[in-house]
Number of protein chains: 2
Amino acid sequence: MGEIVFVGLGLYDEGGISLRGLEEVKTADKVFVELYTSLMPHFSIENFERISGKKLHMVSRKELEEENGEAILKAAETGKAVLLVPGDPLIATTHVALRIQAEKLGIKTRIVHGASIISAVIGLSSLHNYKFGKSVTIPFSEASETPYEVIAQNKKVELHTLCLLDVKAEEKRYMRIHEGLESLLKIEEKRKEKIVAMDTLVVGIARAGSTNPTVKAGFLKDLLSYDFGEPPHSIIFPGKLHFMEAEALMVLAGAPESLKEIVE
Amino acid sequence: MGEIVFVGLGLYDEGGISLRGLEEVKTADKVFVELYTSLMPHFSIENFERISGKKLHMVSRKELEEENGEAILKAAETGKAVLLVPGDPLIATTHVALRIQAEKLGIKTRIVHGASIISAVIGLSSLHNYKFGKSVTIPFSEASETPYEVIAQNKKVELHTLCLLDVKAEEKRYMRIHEGLESLLKIEEKRKEKIVAMDTLVVGIARAGSTNPTVKAGFLKDLLSYDFGEPPHSIIFPGKLHFMEAEALMVLAGAPESLKEIVE
């Protein structure tokens, strides 16, 4: 029996993988890659094949979720299969399902971690990690009120909320900050709990992990029309701010000076 | 004016840095490293200097926090200074303070992300990321009841709690799982809210990012005496489990079969 090594690609392009991850690729018998659970805008399969000296086999959502990653399991029966995954592996539940199945078949599994959008966005925002509550994804479908409820629940206990934005890789649709905000405003219109309003403080973050990320803090009404550039985008709704967090948002993210008045 | 690039070292040893991070080091005028905010047990300065071809200047807590990173700011006045940081940079607030100060002086700053203990531990546990509430650090000092309160607050709304364990790098003290659990049991004795009891389900994780991490789920009474091996250690207190999370804990982390009965 062989093994599956889940290797994180980190963020943005082929420079995001760790040295250890690249070594695992170089010594693999077969290398698969999935690029649908997250957007890596500048990841080039050709460049990666050149750097690693290995051919990459692209795995679609259908192959991974409906066919249960059969090709990967087959390759791992007799050798070392690597599955390259955007960000840090096994954050997406579909990888966990594959891992469980492999171990049940007697195939060993290992993980090589990569930079994750979750910690990258927290670092870029300069907000304190231990003040984040539950995170949530804002979906393209507007039926779900979950994101609104999560923000409300976190605000009640003064915590920050990280909102990831929906990715429909097969349709090349990546939600942008203004779309996420508009979706929440529609729920606000219905619920009227004053959770997401025009004067709510918001932090928008674009292209985490690239050499030119955009991080902008401001009131929702101003961020609606702010040009964040290319995706991927994320949104943070801050809870109560520590004075150092407020200073960081003013100095590093162009937040309005009036923030000074709303800190702890 | 020059710049400061904060580069994440990722986890465990010198293989955790990304390809992009290594490039930044190779093109730096001066390279600093701090190794006190997190434990990287097998990080070898000699190996890293060999790989990168650069000399590393170690920065102590005192230099970074009391002297405000003067040496780094000085190097960044005229050239490119890199500060190597365990995990993903700017999760520790001390780096945020340095970044604010640099930008105020007109020194540009950038971040190259690395794998973080936060997402690594979530991935290793196989628990669902969006079901984690606020995280907390269990300190060596037993005076603080904050960790107990955070677990209680998360449990009330059925969320998981990630507990990082205290690091006192200068004294070479790294809290172990049994110490963290014992510290919480002492608070339980006082508060008697049945948040942390002998039959509470716990997941212990050791050496995230290494080639031989230990991940073990079980009842607190069993994990107290379980041999997790060398640090760093972390603890997760699961909230309500989805059936897939329960299966993952049983298959991948040796959780007792009786978990089946306590899922959603």
Side-chain angles (χ1 to χ4, degrees), chain A residues 6 8 10-23 51 87-93 95-97 99-100 103-104 109-116 118-120 122-124 126 128-137 150 153 157 159 208-209 211 213 244-245 247-248 251-252, chain B residues 6 8 10-23 51 87-93 95-97 99-100 103-104 109-116 118-120 122-124 126 128-137 150 153 157 159 208-209 211 213 244-245 247-248 251-252:
Chain A
F6 294 85
L11 301 166
Y12 205 69
D13 65 18
E14 58 276 4
I17 194 171
S18 69
L19 304 187
R20 194 183 309 125
L22 185 61
E23 277 313 304
I51 294 168
D88 197 18
L90 297 155
I91 296 298
T93 54
H95 307 140
V96 177
R99 193 173 176 213
I100 291 175
E103 292 275 350
K104 279 183 169 174
T109 58
R110 290 188 290 122
I111 308 176
V112 178
H113 298 282
S116 162
I118 300 167
S119 66
I122 294 175
L124 283 167
S126 303
H128 293 170
N129 172 52
Y130 62 89
K131 289 177 68 188
F132 278 79
K134 185 177 173 168
S135 61
V136 71
T137 296
V150 169
Q153 184 184 328
V157 285
L159 296 177
T211 52
M244 206 182 126
E245 293 179 303
E247 192 187 10
V251 176
L252 304 173
Chain B
F6 294 84
L11 302 166
Y12 205 69
D13 64 19
E14 58 276 4
I17 194 171
S18 69
L19 304 187
R20 193 182 311 125
L22 185 60
E23 277 313 304
I51 294 168
D88 196 17
L90 297 155
I91 296 298
T93 53
H95 307 140
V96 177
R99 193 173 174 213
I100 290 175
E103 292 274 351
K104 279 183 169 175
T109 58
R110 292 188 290 121
I111 308 176
V112 178
H113 298 282
S116 160
I118 300 167
S119 66
I122 294 175
L124 283 168
S126 303
H128 293 170
N129 172 52
Y130 62 88
K131 290 177 68 188
F132 278 80
K134 186 177 172 169
S135 61
V136 72
T137 296
V150 170
Q153 184 184 328
V157 285
L159 296 177
T211 52
M244 206 183 126
E245 294 179 303
E247 193 187 9
V251 176
L252 304 173

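All of these numbers come straight from a predicted model, not from anything done at the bench. In what follows, every chain begins at residue 1, and chains take the letters A, B, ... in the order their sequences are listed.
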Value rounded to 0.5 Å, distance of CZ in A:Arg20 from OG1 in B:Thr211: 7.5 Å
Quick one: what part of B:Phe132 sits under 4.5 Å from any heavy atom of chain A, side chain, backbone, both or neither? backbone
Between A:Ser116, A:Gly10, A:Gly209, A:Gly8, the one whose heavy-atom pairs under 4.5 Å with chain B are most numerous: A:Gly209
Check each atom of B:Leu159 against the heavy atoms of chain A and say whether the ones under 4.5 Å are side chain, backbone, both or neither. side chain
Among B:Pro213, B:Ala208, B:Gly114, who wins on heavy-atom pairs under 4.5 Å with chain A? B:Gly114
Given heavy-atom pairs under 4.5 angstrom as the criterion, report whether the side chain, backbone, both or neither of B:His113 touches chain A. both
Which bit of B:Gln153 comes within less than 4.5 Å of chain A, counting heavy atoms only: side chain, backbone, both or neither? side chain
Atom pair OG1/CD of B:Thr93 and A:Glu245 - distance to nearest 0.5 Å: 9.5 Å
Spacing of OG belonging to B:Ser135 relative to CG belonging to A:Asn129, to within rounding of 0.5 Å: 4.5 Å
Measure the CD1-OG distance between B:Ile111 and A:Ser126 for me, rounded to the nearest 0.5 Å. 6.5 Å
Option in B:Val136, B:Val150, B:Ile100, B:Val96 with maximal non-hydrogen atom pairs under 4.5 Å from chain A: B:Ile100
Does any backbone or side-chain atom of B:Ala97 lie under 4.5 Å from a heavy atom of chain A? Answer side chain, backbone, both or neither. both
List the atom of B:Ser119, the atom of A:Asp88, and the distance in Å for their closest heavy-atom pair. OG-OD2, 2.8 Å
To the nearest 0.5 Å, how far apart are CG in A:Leu252 and OG1 in B:Thr109? 6.0 Å
Interchain contact, B:Val251 with chain A, by part (heavy-atom threshold 4.5 Å): side chain
Tell me, do A:Leu90 and B:Leu124 make a side-chain contact under 4.5 Å, heavy atoms counted? no
Check: B:Ile118 and A:Ile122 side chains under 4.5 Å, non-hydrogen atoms: no
